[in-house]
Amino acid sequence: MTETNLYLENNTNLDKIKGKKIAIIRYGNQGRTQELNLRDSGQDVIIGNKEVSYKEKALKDGFKIFNI
């Protein structure tokens, strides 16, 4: 049987990234969840994306988008 580790919010320390801008290149299926979690944790997140349908989704989610 394999041991599983469960990490919760109180297991993290966001002090090292507080006050910094986090730039994510490419908004997509997996990335969307990660970016929303970062933003909902109070982080300043911007997105670099191509002119594709995910760019529109990122805009609708309220992110500032930069072309790559």
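No experiment lies behind these values; they were computed from the predicted model shown. These numbers come from the heavy atoms of this one structure, side chains and all, not from hydrogens, waters or symmetry mates. The first residue in the sequence is number 1, and the count goes up from there.
The two residues Lys57 and Tyr27 have their closest heavy-atom pair at C-CE2, 4.0 Å.
With sequence neighbours left out, Tyr54 forms a ring-ring contact (aromatic ring centres under 6.0 Å, His included) with no residue at all. Under the salt bridge (Lys or Arg N to Asp or Glu O under 4.0 Å) criterion, Lys21 pairs with Asp44, not counting sequence neighbours. Partners of Asn67 under the side-chain contact (heavy atoms from CB on, under 4.5 Å) rule, at least two apart in sequence or in another chain, are Glu51, Lys55.
Ile22 pairs in a side chain to side chain contact (heavy atoms under 4.5 Å, CB included) with only one of the listed residues (Ile46, Ile47, Leu38), which is Leu38.
Formation of a donor-acceptor pair under 3.5 Å by the Asp61 side chain with backbone atoms of Phe63 is not found in this model.
Between the NZ atom in Lys50 and the CD1 atom in Ile25 there is a gap of 11.5 Å [rounded to 0.5 Å]. Between Ile65 atom CD1 and Asn49 atom CG the span is 6.5 Å, to the nearest 0.5 Å. Put simply, CZ on Arg26 and CD1 on Ile24 are 12.5 Å apart, with the number rounded to the nearest 0.5 Å.
Placement of Leu36 and Phe66 in two distinct hydrophobic clusters is found when ILVMFWY residues are connected by side-chain heavy-atom separations under 4.5 Å, directly or transitively.
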